[in-house]
Peer 1: 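The following block contains the structure, expressed as structure tokens.
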Amino acid sequence: MKNYKLKSKKEMVNSSYGITRLLKYLFKYPLAMVVVIVTVILSSVTQIYGMSLLRPVVDNQILKGDLVGLKADLIKMALIFLVSAISSGIYSRLMVRIAEKSIRNLRHDLFNHVQDLDIGFFDQNTHGEIMSRFTNDTDVISQALGSTIPNIIQSLLLFVGTIGMMFYLNAKLTFLTIISLVIMFMIINKIIKKGANLFATAQKQVGQLNGFIEETFAGQKVVKVFNHEDILIDKFDQQTEEIRVSFLEANTAMGKLMPFLRNASNIIYSILCMLLAILAIGGSISMGVLTTYLTYLRNLQNPIVTVSQQANAIVQAMTGANRIFEIMDLEEEADDGFIDLVRARVKKDGTIEEADTLTGLSAWKKVVDGKAVYKILQGKLEFKNVDFSYNGVDKILKDISFYANPGQKIAFVGSTGAGKTTITNVITRFYDIDSGQIKVDDIDIKDIKKSALRRAFGMVLQDINLFTDTIYGNIRYGRLDANDDEIEAAARLSNADTFITRLPKTYSTKIHGDGSSLSDGQNQLLSIARAAVDEPSILILDEATSSIDTTTEEHVTEAMDNLMMGSTSIVIAHRLSTIKNSDVIMVMDNGRIIERGDHDSLMKKKGVYYQLYTGILELD
């Protein structure tokens, strides 16, 4: 099984990897981005040009007393800075819209990709850890895209443009300024790198906390039964304290940035002021150059301060982007199958054709030399010498071989860990076997598209997963094009109709996804109806009655018998009374089939099944 365990990619934290890929989302709106870029450039250029007018204003108007020229130049400056302000407003407003659309697309792509991952991804990571990528990480990215990134881009343009104008005014002093800034930037970079690593750790801890909270809320009944509230509170406090410390360290590290920057900038400014004053007194530069250069020098701090102030947001956004793209870079579930499953009907001449509606028949579809070849789905199953391990080392299934003819009911019994549920996992290719062969209707399941293979099976599991929706919606989940009459027919087949009709809004009653609206038995009847609505030819029932009482079990068992009628069925049983009528019962132990036969023959053997059934041995 592949390793899908999520982890922070420290080697990517300080890189432009995540930001570069985020920019691709922004440029899905090229016209809008062109407008943003043009207005950012226009805003930056007009600011720089507007400041350059100080030199002629001082030298030509103020020192010479030219009030008419001064008035004209001041109006010119005002108009230029007005253009800068309007441009800034345009790109700020437009960038927010682009950012929100980009985040929507990012969430969409992330969700779509997650749907295409192996089931192992969900087994190896908590739901809360996965959810943190959709919520916490996308939130920090949204902030960065909407305001931080455009501000930083403008700051960089202002920085470069200002340096250029300073070179024009006095190259030697500008060289001195650049050397000072390089030393300052080296120290700033060191501070940011340290903060980035600390923020990466903190955000990972937030994901772990989300997973803890999600698991705690999901298991709240168990928490209360065992009186573990105080223990969980202590654990929660411990995790939140670790997050507090991590964010404190990260923000403390980044908090050193601004004091250092302000003091370093003031020192550089003071030194250059003295040098400029000496040059002005000596007549090497004019007062206009002195004033303009000092203005540029002071304004040079603005883009540096802006970038430094936004460093936290950028670092968190880069970390969040890396965490999101870590998932999006995971390899999708491989599927090399080429045989599809379609609804079918048999024409009068005996040939098979595809049908648009439910006909009670399905067919395997294989394209040979451009021509579709059909084979009716019958429901024959066969395992040949199947070995399987989840980790590639410890075998869960060992040399498993059995077959089920169409319409037969095959039951598996055995203690926990014997490998019963694993058989259902490999039949549906949630996991691929290590060796051996599994066939459906004499077709190797590796040749069948995974989506088609899974459509061939109806599944009723021990863990009932319903959704916050109406009863109509929950049953329709089994076949999205089912109409209300078909849903109600499936409910009658599963005996769910008896309690649904007593509900205030019957089938339109909205239930909660956590199952709290109904009893366990009622929830299970709904899951049976959901499987029944698609009229499956092959059924998998994995300990579907283990979590309900014996009285309710009679109704559920009757519903399952109705569902299994005419279908090939694989039943994982905990209560042996539910499988007495199975065609074949297989007893598993430590990944092997140790006994097989029907109920009567196994009872006559007086082996393990006999001991389990009579209570000499108990299933654990």
Peer 1: Could you tell me the separation between the CG atom of L397 and the CE atom of M588, rounded to the nearest 0.5 Å?
Peer 2: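 Here the interatomic distance stands at 5.5 Å.
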
Peer 1: Does the ring of F388 carry K395 above it, NZ/CZ under 6.0 angstrom from centre and within 45° of its axis?
Peer 2: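 Output no; distance or angle outside limits.
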
Peer 1: Identify the residue among K365, K347, R343 that makes a salt bridge (charged side-chain N to carboxylate O under 4.0 Å, His left out) with E354.
Peer 2: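 Considering K365, K347, R343, a salt bridge (charged side-chain N to carboxylate O under 4.0 Å, His left out) with E354 is found only for K365.
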
Peer 1: Check the pair F122, F430 against ring pair (Phe, Tyr, Trp, His ring centres under 6.0 Å), reporting the backbone distance first and the verdict last.
Peer 2: CA-CA 11 Å; F122 302 96; F430 288 146; over 10 Å; no

Peer 1: Between E332 and L117, what is the shortest heavy-atom contact and its length?
Peer 2: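 Here E332 and L117 meet closest at CA-CD2, 4.2 Å.
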
Peer 1: So does R592 pair up with D589, basic N to acidic O under 4.0 Å?
Peer 2: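 Answer for the salt bridge query: no.
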
Peer 1: With a cut-off of 3.5 Å and sequence neighbours excluded, list every side-chain donor-acceptor pair involving residues 446-453.
Peer 2:
unit_1 : atom_1 : unit_2 : atom_2 : d
K450   : NZ     : E333   : OE2    : 3.2
K450   : NZ     : A334   : O      : 2.8

Peer 1: Can you tell me if E488 uses its side chain to pair, donor with acceptor, with the backbone of D485 under 3.5 Å?
Peer 2: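 No, because the side chain of E488 does not come within donor-acceptor range (under 3.5 Å) of the backbone of D485.
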
Peer 1: Just by distance, with hydrogens left out, do S537 and Q378 show a side-chain donor and acceptor under 3.5 Å apart?
Peer 2: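 No.
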
Peer 1: Kindly say whether G379 contributes a backbone atom to a donor-acceptor pair with the side chain of D441 at under 3.5 angstrom?
Peer 2: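 Side chain of D441 to backbone of G379: a pair is present.
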
Peer 1: Please work out whether the ring planes of F134 and F111 are parallel, tilted or perpendicular, with thresholds of 30° and 60°.
Peer 2: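 It falls in the perpendicular class, over 60°.
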
Peer 1: Out of K24, R133, R21, K28, which one pairs with D109 under the salt bridge (charged side-chain N to carboxylate O under 4.0 Å, His left out) rule?
Peer 2: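 Going through the options one by one, the only one that passes is K28.
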
Peer 1: Okay, side chain of Q408, backbone of N405: is any donor-acceptor separation there less than 3.5 Å?
Peer 2: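 Yes, because the side chain of Q408 sits within donor-acceptor range (under 3.5 Å) of the backbone of N405.
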
Peer 1: Heavy atoms only: give me the nearest K420-I572 pair and the separation to one decimal.
Peer 2: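 The answer is O-CD1, 3.5 Å.
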
Peer 1: Rounded to the nearest 0.5 Å, how far does CG of D542 lie from OG1 of T421?
Peer 2: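 Output value for this atom pair is 3.5 Å.
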
Peer 1: Report yes or no: does D349 contribute a side-chain atom to a donor-acceptor pair with the main-chain N or O of T351 at less than 3.5 Å?
Peer 2: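 Yes, the answer is positive, given that a donor and an acceptor are paired below the 3.5 Å cut-off.
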
Peer 1: What residues form a side chain to side chain contact (heavy atoms under 4.5 Å, CB included) with M603, not counting sequence neighbours?
Peer 2: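 Side chain to side chain contact (heavy atoms under 4.5 Å, CB included) check on M603 returns H599, Y609, Y610, Y613, T614.
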
Peer 1: Looking at R502, is its backbone amide N or carbonyl O close enough to the side chain of T506 to form a donor-acceptor pair, meaning the two atoms are under 3.5 Å apart?
Peer 2: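 Flag not set: sc T506 to bb R502 has no pair under 3.5 Å.
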
Peer 1: Any pair with a residue in residues 465-477 that passes salt bridge (Lys or Arg N to Asp or Glu O under 4.0 Å), sequence neighbours left out, goes on the list, sorted by first then second residue, please.
Peer 2: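 Every salt bridge (Lys or Arg N to Asp or Glu O under 4.0 Å) pair that includes a residue of residues 465-477, provided the two are not neighbours, is R476-D484.
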
Peer 1: Quick check: does any side chain N or O of Q115 sit under 3.5 Å from a backbone N or O of N112, one acting as donor and the other as acceptor?
Peer 2: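 Such a contact is absent between Q115 side chain and N112 backbone.
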
Peer 1: Is the side chain of D497 donor-acceptor paired with the backbone N or O of A491 at a distance under 3.5 Å, no angle test?
Peer 2: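 Side chain of D497 to backbone of A491, a donor-acceptor pair under 3.5 Å: no, none is there.
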
Peer 1: Indicate yes or no: at least one non-hydrogen side-chain atom of D598 is less than 4.5 angstrom from one of I585.
Peer 2: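 No, every pair of side-chain atoms sits at 4.5 Å or beyond.
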
Peer 1: Side chain of S401, backbone of K384: donor and acceptor closer than 3.5 Å?
Peer 2: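 No, S401 side chain to K384 backbone: no donor-acceptor pair under 3.5 Å.
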
Peer 1: Has N385 got a side-chain atom pairing as donor or acceptor with G436's backbone, closer than 3.5 angstrom?
Peer 2: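 Between the backbone of G436 and the side chain of N385 there is no qualifying donor-acceptor contact (under 3.5 Å).
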
Peer 1: How long is the straight-line distance from CZ of R454 back to CD1 of I427, given to the nearest 0.5 Å?
Peer 2: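 Taking CD1 in I427 and CZ in R454, the distance rounds to 13.0 Å.
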
Peer 1: Let me confirm one number: the CG-OG distance from L22 to S102, rounded to the nearest 0.5 Å.
Peer 2: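 Interatomic distance, L22 CG to S102 OG, rounded to 0.5 Å: 8.5 Å.
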
Peer 1: Just by distance, with hydrogens left out, do Y29 and N105 show a side-chain donor and acceptor under 3.5 Å apart?
Peer 2: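 Yes.
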
Peer 1: Please name the residue in the list L361, I538, V342, T568 that meets the side chain to side chain contact (heavy atoms under 4.5 Å, CB included) test with L377.
Peer 2: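 The passing option is I538.
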
Peer 1: Does the pair V373 and W364 meet the rule for a side-chain contact (heavy atoms from CB on, under 4.5 Å), with working shown?
Peer 2: CA-CA 8 Å; V373 178; W364 302 111; over 6 Å; no

Peer 1: Between T422 and Y390, do the side chains contain a donor N or O and an acceptor N or O under 3.5 Å apart?
Peer 2: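 The answer is yes; a qualifying pair exists.
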
Peer 1: Would you find a donor on one side and an acceptor on the other, under 3.5 Å apart, between the side chain of D118 and the backbone of F121?
Peer 2: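 A pair under 3.5 Å: no.
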
